[in-house]
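This report refers to the structure that appears directly beneath it.
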Amino acid sequence: MSKLSFRNLIDANQINENDLNLLFALTNQYRNTNHRQIIKNGDCYGYLLATLFFEPSTRTRFSFETAMQRLAGQIITLEQGMSSSIKKGETLEDMGRIISNYADIIVMRHPQIGSVANFAKYATIPVINAGDGSNQHPTQALVDSYTIFTEKNRLDNLKIGLVGDLKYGRANHSLLSILSKYSSNQFTLISHPSLALNDSQKLELTNYGCKIYETADLDPAMADLDVLIVSRIQQERFSDPEEYAKVKDSYHINKKTVSKGKPELIILHGLPRVNEIDPEIDNMPQAKYFKQAEYGLYVRMALLSLMIK
Ligand code: NCD
(Lines give C-alpha, C1' and ligand atoms only; values in the text may rest on other atoms or scores of the structure.)
Protein backbone atom coordinates (compact mmCIF):
# COMPACT_ATOMS: atom_id res chain seq x y z
CA MET A 1 0.00 0.00 0.00
CA SER A 2 1.19 3.48 -0.88
CA LYS A 3 1.96 5.69 2.08
CA LEU A 4 0.43 8.63 0.24
CA SER A 5 -3.10 9.72 1.14
CA PHE A 6 -4.33 9.48 -2.49
CA ARG A 7 -4.62 6.70 -5.03
CA ASN A 8 -5.17 8.95 -8.06
CA LEU A 9 -3.68 12.45 -8.22
CA ILE A 10 -6.25 14.65 -9.93
CA ASP A 11 -6.34 17.87 -7.89
CA ALA A 12 -3.64 19.49 -5.75
CA ASN A 13 -6.17 19.81 -2.92
CA GLN A 14 -5.68 16.07 -2.36
CA ILE A 15 -2.06 16.60 -1.29
CA ASN A 16 -1.55 17.01 2.47
CA GLU A 17 1.53 17.96 4.47
CA ASN A 18 2.47 14.35 5.21
CA ASP A 19 2.31 13.55 1.46
CA LEU A 20 4.62 16.46 0.72
CA ASN A 21 7.08 15.39 3.41
CA LEU A 22 7.22 11.84 2.04
CA LEU A 23 7.58 13.05 -1.53
CA PHE A 24 10.26 15.63 -0.76
CA ALA A 25 12.33 13.17 1.31
CA LEU A 26 12.36 10.66 -1.54
CA THR A 27 12.96 13.43 -4.10
CA ASN A 28 16.07 14.48 -2.16
CA GLN A 29 17.24 10.88 -2.07
CA TYR A 30 16.88 10.46 -5.83
CA ARG A 31 18.47 13.85 -6.48
CA ASN A 32 21.53 12.87 -4.46
CA THR A 33 22.02 9.34 -5.79
CA ASN A 34 23.87 8.39 -8.93
CA HIS A 35 21.48 7.53 -11.80
CA ARG A 36 23.07 4.16 -12.44
CA GLN A 37 22.73 3.19 -8.81
CA ILE A 38 19.04 4.15 -8.91
CA ILE A 39 18.47 1.95 -11.98
CA LYS A 40 20.23 -0.91 -10.16
CA ASN A 41 17.95 -0.40 -7.13
CA GLY A 42 15.01 -0.80 -9.56
CA ASP A 43 12.26 0.85 -7.49
CA CYS A 44 9.79 0.54 -10.41
CA TYR A 45 11.23 -2.64 -11.91
CA GLY A 46 8.48 -4.73 -13.49
CA TYR A 47 6.01 -1.82 -13.66
CA LEU A 48 4.76 -0.06 -16.75
CA LEU A 49 3.71 3.59 -17.12
CA ALA A 50 1.29 4.71 -19.87
CA THR A 51 1.50 8.40 -20.83
CA LEU A 52 -1.57 9.69 -22.67
CA PHE A 53 -1.20 13.22 -24.02
CA PHE A 54 -3.99 15.03 -25.85
CA GLU A 55 -2.16 18.39 -25.67
CA PRO A 56 1.44 19.42 -26.39
CA SER A 57 4.07 18.81 -23.72
CA THR A 58 7.85 18.74 -23.45
CA ARG A 59 8.89 18.73 -19.80
CA THR A 60 5.94 16.95 -18.24
CA ARG A 61 5.84 13.96 -20.59
CA PHE A 62 9.60 13.61 -20.95
CA SER A 63 10.28 13.97 -17.24
CA PHE A 64 7.65 11.33 -16.38
CA GLU A 65 9.02 8.97 -19.02
CA THR A 66 12.62 9.58 -17.99
CA ALA A 67 11.62 9.13 -14.35
CA MET A 68 10.05 5.73 -15.02
CA GLN A 69 13.04 4.51 -16.99
CA ARG A 70 15.52 5.81 -14.40
CA LEU A 71 13.62 3.67 -11.87
CA ALA A 72 14.03 0.63 -14.15
CA GLY A 73 10.35 0.69 -15.16
CA GLN A 74 8.98 0.70 -18.69
CA ILE A 75 6.72 3.05 -20.65
CA ILE A 76 4.13 3.04 -23.41
CA THR A 77 3.15 6.41 -24.79
CA LEU A 78 0.43 8.15 -26.74
CA GLU A 79 2.03 11.43 -27.70
CA GLN A 80 -0.79 12.72 -29.86
CA GLY A 81 -4.04 11.54 -28.32
CA MET A 82 -6.00 12.17 -31.50
CA SER A 83 -3.93 9.52 -33.28
CA SER A 84 -5.70 6.90 -31.11
CA SER A 85 -9.16 5.32 -31.44
CA ILE A 86 -10.55 8.45 -29.75
CA LYS A 87 -10.51 9.79 -33.32
CA LYS A 88 -12.89 6.96 -34.31
CA GLY A 89 -15.28 8.00 -31.55
CA GLU A 90 -14.07 5.79 -28.71
CA THR A 91 -14.84 7.39 -25.34
CA LEU A 92 -12.23 8.27 -22.73
CA GLU A 93 -14.14 5.96 -20.38
CA ASP A 94 -13.51 2.94 -22.61
CA MET A 95 -9.93 4.00 -23.10
CA GLY A 96 -9.51 4.05 -19.30
CA ARG A 97 -10.79 0.48 -19.04
CA ILE A 98 -8.54 -0.77 -21.83
CA ILE A 99 -5.26 0.90 -20.82
CA SER A 100 -5.81 -0.40 -17.27
CA ASN A 101 -5.28 -3.91 -18.63
CA TYR A 102 -1.94 -3.02 -20.17
CA ALA A 103 -0.18 -0.69 -17.72
CA ASP A 104 0.27 -0.20 -13.95
CA ILE A 105 -0.07 3.60 -13.77
CA ILE A 106 -1.30 6.31 -16.16
CA VAL A 107 -0.26 9.94 -16.66
CA MET A 108 -2.78 11.89 -18.73
CA ARG A 109 -3.15 15.42 -20.13
CA HIS A 110 -6.31 16.57 -21.87
CA PRO A 111 -7.75 20.00 -22.87
CA GLN A 112 -11.12 19.47 -21.18
CA ILE A 113 -11.68 20.46 -17.54
CA GLY A 114 -12.64 17.38 -15.50
CA SER A 115 -11.65 14.92 -18.24
CA VAL A 116 -8.87 13.24 -16.26
CA ALA A 117 -11.11 12.87 -13.19
CA ASN A 118 -13.76 11.23 -15.35
CA PHE A 119 -11.22 8.94 -17.01
CA ALA A 120 -9.92 7.91 -13.58
CA LYS A 121 -13.40 6.68 -12.58
CA TYR A 122 -13.17 3.99 -15.24
CA ALA A 123 -9.49 3.15 -14.90
CA THR A 124 -8.62 0.41 -12.42
CA ILE A 125 -5.00 1.57 -11.96
CA PRO A 126 -3.70 4.87 -10.48
CA VAL A 127 -4.09 7.95 -12.68
CA ILE A 128 -2.06 11.17 -12.50
CA ASN A 129 -3.45 14.39 -13.94
CA ALA A 130 -0.78 16.09 -16.08
CA GLY A 131 -3.14 18.98 -16.86
CA ASP A 132 -6.88 19.13 -17.57
CA GLY A 133 -7.62 22.28 -19.54
CA SER A 134 -7.29 25.42 -17.46
CA ASN A 135 -8.19 23.58 -14.26
CA GLN A 136 -5.36 21.74 -12.50
CA HIS A 137 -1.75 20.60 -12.99
CA PRO A 138 -0.88 19.09 -9.60
CA THR A 139 2.52 17.63 -10.48
CA GLN A 140 3.79 21.02 -11.71
CA ALA A 141 2.70 22.43 -8.36
CA LEU A 142 4.70 19.69 -6.60
CA VAL A 143 7.74 20.68 -8.65
CA ASP A 144 7.21 24.37 -7.84
CA SER A 145 6.73 23.64 -4.12
CA TYR A 146 9.83 21.44 -4.02
CA THR A 147 11.86 24.19 -5.72
CA ILE A 148 10.66 26.80 -3.22
CA PHE A 149 11.33 24.45 -0.29
CA THR A 150 14.81 23.63 -1.55
CA GLU A 151 15.74 27.26 -2.17
CA LYS A 152 14.02 28.87 0.82
CA ASN A 153 13.98 26.05 3.39
CA ARG A 154 10.31 26.57 4.14
CA LEU A 155 6.83 26.65 2.60
CA ASP A 156 5.28 28.98 5.17
CA ASN A 157 5.70 32.63 6.03
CA LEU A 158 6.48 33.59 2.44
CA LYS A 159 5.51 36.57 0.31
CA ILE A 160 4.69 35.05 -3.03
CA GLY A 161 3.92 36.95 -6.22
CA LEU A 162 2.17 35.23 -9.12
CA VAL A 163 2.38 37.11 -12.40
CA GLY A 164 0.87 36.31 -15.79
CA ASP A 165 -2.17 34.18 -16.49
CA LEU A 166 -4.04 33.56 -13.25
CA LYS A 167 -7.30 32.78 -15.01
CA TYR A 168 -6.23 29.95 -17.32
CA GLY A 169 -2.86 28.98 -15.78
CA ARG A 170 -3.64 25.56 -14.31
CA ALA A 171 -0.27 25.20 -12.58
CA ASN A 172 -0.99 28.43 -10.66
CA HIS A 173 -4.32 27.04 -9.46
CA SER A 174 -2.67 23.88 -8.18
CA LEU A 175 0.22 25.71 -6.54
CA LEU A 176 -2.14 28.04 -4.67
CA SER A 177 -4.00 24.99 -3.32
CA ILE A 178 -0.78 23.66 -1.83
CA LEU A 179 0.74 26.88 -0.49
CA SER A 180 -2.46 28.31 0.99
CA LYS A 181 -2.47 25.50 3.57
CA TYR A 182 0.83 26.65 5.07
CA SER A 183 0.62 29.40 7.68
CA SER A 184 1.29 33.08 7.13
CA ASN A 185 1.71 32.97 3.38
CA GLN A 186 0.83 36.17 1.58
CA PHE A 187 -0.04 36.24 -2.13
CA THR A 188 0.30 39.15 -4.54
CA LEU A 189 -1.77 38.33 -7.62
CA ILE A 190 -0.39 40.29 -10.57
CA SER A 191 -2.29 40.12 -13.84
CA HIS A 192 -4.17 42.01 -16.50
CA PRO A 193 -7.68 42.41 -15.00
CA SER A 194 -9.14 40.07 -17.66
CA LEU A 195 -6.77 37.28 -16.51
CA ALA A 196 -7.37 37.60 -12.77
CA LEU A 197 -7.82 34.59 -10.49
CA ASN A 198 -11.48 33.70 -10.28
CA ASP A 199 -13.50 34.71 -7.22
CA SER A 200 -14.04 31.22 -5.84
CA GLN A 201 -10.30 30.59 -5.80
CA LYS A 202 -9.68 33.92 -4.09
CA LEU A 203 -12.27 32.99 -1.48
CA GLU A 204 -10.51 29.67 -0.92
CA LEU A 205 -7.27 31.54 -0.17
CA THR A 206 -8.88 33.91 2.29
CA ASN A 207 -10.73 31.01 3.94
CA TYR A 208 -7.35 29.46 4.69
CA GLY A 209 -6.33 32.74 6.32
CA CYS A 210 -3.99 33.95 3.58
CA LYS A 211 -3.64 37.64 2.84
CA ILE A 212 -4.07 38.48 -0.83
CA TYR A 213 -3.31 41.62 -2.79
CA GLU A 214 -4.27 42.19 -6.40
CA THR A 215 -2.60 44.53 -8.86
CA ALA A 216 -1.82 44.87 -12.55
CA ASP A 217 1.57 46.54 -11.85
CA LEU A 218 4.53 44.26 -11.35
CA ASP A 219 7.31 46.77 -10.61
CA PRO A 220 5.90 48.29 -7.40
CA ALA A 221 5.07 44.79 -6.09
CA MET A 222 8.62 43.47 -6.54
CA ALA A 223 10.29 44.94 -3.41
CA ASP A 224 8.26 42.89 -0.97
CA LEU A 225 8.49 39.43 -2.57
CA ASP A 226 10.42 36.30 -1.52
CA VAL A 227 9.21 34.27 -4.51
CA LEU A 228 7.96 35.31 -7.96
CA ILE A 229 6.07 32.71 -9.99
CA VAL A 230 5.85 33.71 -13.66
CA SER A 231 3.40 32.12 -16.08
CA ARG A 232 2.85 32.18 -19.84
CA ILE A 233 -0.37 33.72 -21.13
CA GLN A 234 -2.24 30.56 -22.18
CA GLN A 235 -2.92 31.45 -25.81
CA GLU A 236 -4.64 28.12 -26.56
CA ARG A 237 -7.46 28.91 -24.10
CA PHE A 238 -8.56 32.12 -25.88
CA SER A 239 -11.44 31.80 -28.31
CA ASP A 240 -10.86 35.34 -29.63
CA PRO A 241 -7.35 36.04 -31.02
CA GLU A 242 -7.91 39.79 -30.51
CA GLU A 243 -8.41 39.24 -26.79
CA TYR A 244 -5.11 37.36 -26.68
CA ALA A 245 -3.35 40.12 -28.66
CA LYS A 246 -4.48 42.65 -26.04
CA VAL A 247 -2.83 40.83 -23.12
CA LYS A 248 0.03 38.84 -24.62
CA ASP A 249 2.74 41.40 -23.84
CA SER A 250 1.47 42.49 -20.43
CA TYR A 251 4.70 41.52 -18.64
CA HIS A 252 8.36 41.28 -19.62
CA ILE A 253 10.76 40.60 -16.79
CA ASN A 254 14.27 41.89 -17.40
CA LYS A 255 17.29 43.01 -15.36
CA LYS A 256 15.58 46.29 -14.50
CA THR A 257 12.57 44.42 -13.08
CA VAL A 258 14.80 42.09 -11.06
CA SER A 259 16.76 45.07 -9.65
CA LYS A 260 13.55 46.23 -7.96
CA GLY A 261 13.37 43.00 -5.92
CA LYS A 262 15.37 41.75 -2.93
CA PRO A 263 18.69 40.06 -3.79
CA GLU A 264 17.39 36.81 -2.25
CA LEU A 265 14.20 36.80 -4.37
CA ILE A 266 13.75 33.59 -6.39
CA ILE A 267 12.04 33.56 -9.79
CA LEU A 268 10.24 30.43 -11.00
CA HIS A 269 8.50 29.64 -14.29
CA GLY A 270 7.02 26.23 -15.18
CA LEU A 271 8.06 26.90 -18.81
CA PRO A 272 7.63 27.14 -21.77
CA ARG A 273 8.27 30.88 -21.74
CA VAL A 274 7.31 33.02 -24.71
CA ASN A 275 8.17 36.62 -24.03
CA GLU A 276 7.55 37.04 -20.32
CA ILE A 277 11.14 36.47 -19.15
CA ASP A 278 14.06 38.10 -20.91
CA PRO A 279 16.96 35.64 -21.41
CA GLU A 280 19.26 38.40 -20.06
CA ILE A 281 18.27 37.32 -16.52
CA ASP A 282 18.86 33.58 -17.08
CA ASN A 283 22.26 33.62 -15.40
CA MET A 284 21.26 35.80 -12.46
CA PRO A 285 21.17 33.99 -9.09
CA GLN A 286 17.46 34.80 -8.75
CA ALA A 287 16.55 32.78 -11.87
CA LYS A 288 15.62 29.25 -10.76
CA TYR A 289 13.45 28.06 -13.68
CA PHE A 290 15.98 25.74 -15.29
CA LYS A 291 16.83 24.20 -11.95
CA GLN A 292 13.08 23.85 -11.36
CA ALA A 293 12.73 21.89 -14.64
CA GLU A 294 15.57 19.61 -13.53
CA TYR A 295 13.94 19.06 -10.12
CA GLY A 296 10.80 18.03 -12.06
CA LEU A 297 12.51 14.76 -12.93
CA TYR A 298 13.34 13.85 -9.30
CA VAL A 299 9.91 14.91 -8.01
CA ARG A 300 8.19 12.73 -10.62
CA MET A 301 10.48 9.80 -9.81
CA ALA A 302 9.42 10.10 -6.17
CA LEU A 303 5.74 10.38 -7.11
CA LEU A 304 5.77 7.32 -9.39
CA SER A 305 7.72 5.28 -6.90
CA LEU A 306 5.33 6.09 -4.02
CA MET A 307 2.12 5.79 -6.05
CA ILE A 308 2.90 2.49 -7.71
CA LYS A 309 3.51 0.45 -4.57
C1 NCD B 1 2.46 24.26 -18.13
C2 NCD B 1 1.16 23.61 -18.57
O3 NCD B 1 1.14 22.76 -19.46
O4 NCD B 1 0.15 23.97 -17.93
N5 NCD B 1 3.59 23.63 -18.68
C6 NCD B 1 4.23 22.64 -17.99
O7 NCD B 1 3.70 21.59 -17.74
N8 NCD B 1 5.47 22.92 -17.57
C9 NCD B 1 2.52 25.73 -18.33
C10 NCD B 1 2.29 26.28 -19.72
O11 NCD B 1 2.05 25.57 -20.69
O12 NCD B 1 2.38 27.52 -19.84
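Start at 1 and go down the list; that is how both ligands and their atoms are numbered. The analysis underlying the following values was restricted to heavy atoms, covering all of them including side chains, and did not include hydrogens, waters or symmetry mates.
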Residue pairs, two or more places apart or on separate chains, that pass ring pair (Phe, Tyr, Trp, His ring centres under 6.0 Å) and touch residues 211-258 =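 Matches after skipping sequence neighbours: Tyr168-Phe238, Phe238-Tyr244.
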Residue pairs fulfilling ring pair (Phe, Tyr, Trp, His ring centres under 6.0 Å) with at least one residue in residues 37-70, sequence neighbours excluded |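 Checked against ring pair (Phe, Tyr, Trp, His ring centres under 6.0 Å) - neighbours excluded - the pairs reaching residues 37-70 are Phe54-His110.
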Donor-acceptor contacts, no H, no angles, side chain residues 20-30, under 3.5 Å, sequence neighbours left out:
unit_1	atom_1	unit_2	atom_2	d
Asn21	ND2	Glu17	O	3.4
Thr27	OG1	Leu23	O	2.6
Asn28	OD1	Tyr146	OH	2.5
Asn28	ND2	Phe24	O	3.4
Tyr30	OH	Asp43	OD2	2.6
Tyr30	OH	Ser305	OG	3.0

Can you check whether Ile10's main-chain N or O pairs, donor with acceptor, with Asn8's side chain at less than 3.5 Å?
->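 Absent.
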Residue shell around ligand 1, heavy atom under 4.0 angstrom =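 Protein residues near ligand 1 are Thr60, Arg109, His137, Gln140, Arg170, Arg232, Gln234, Gly270, Leu271, Pro272.
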Would you tell me whether Glu65 and Thr77 have side-chain atoms, one donor and one acceptor, within less than 3.5 Å of each other?
->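 Yes, because at least one side-chain N or O of Glu65 sits under 3.5 Å from a partner of the opposite role on Thr77.
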State, without any angle test, whether Arg237 and Ser134 hold a side-chain donor-acceptor pair at a distance under 3.5 Å.
->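 Distance-only check fails for Arg237 and Ser134.
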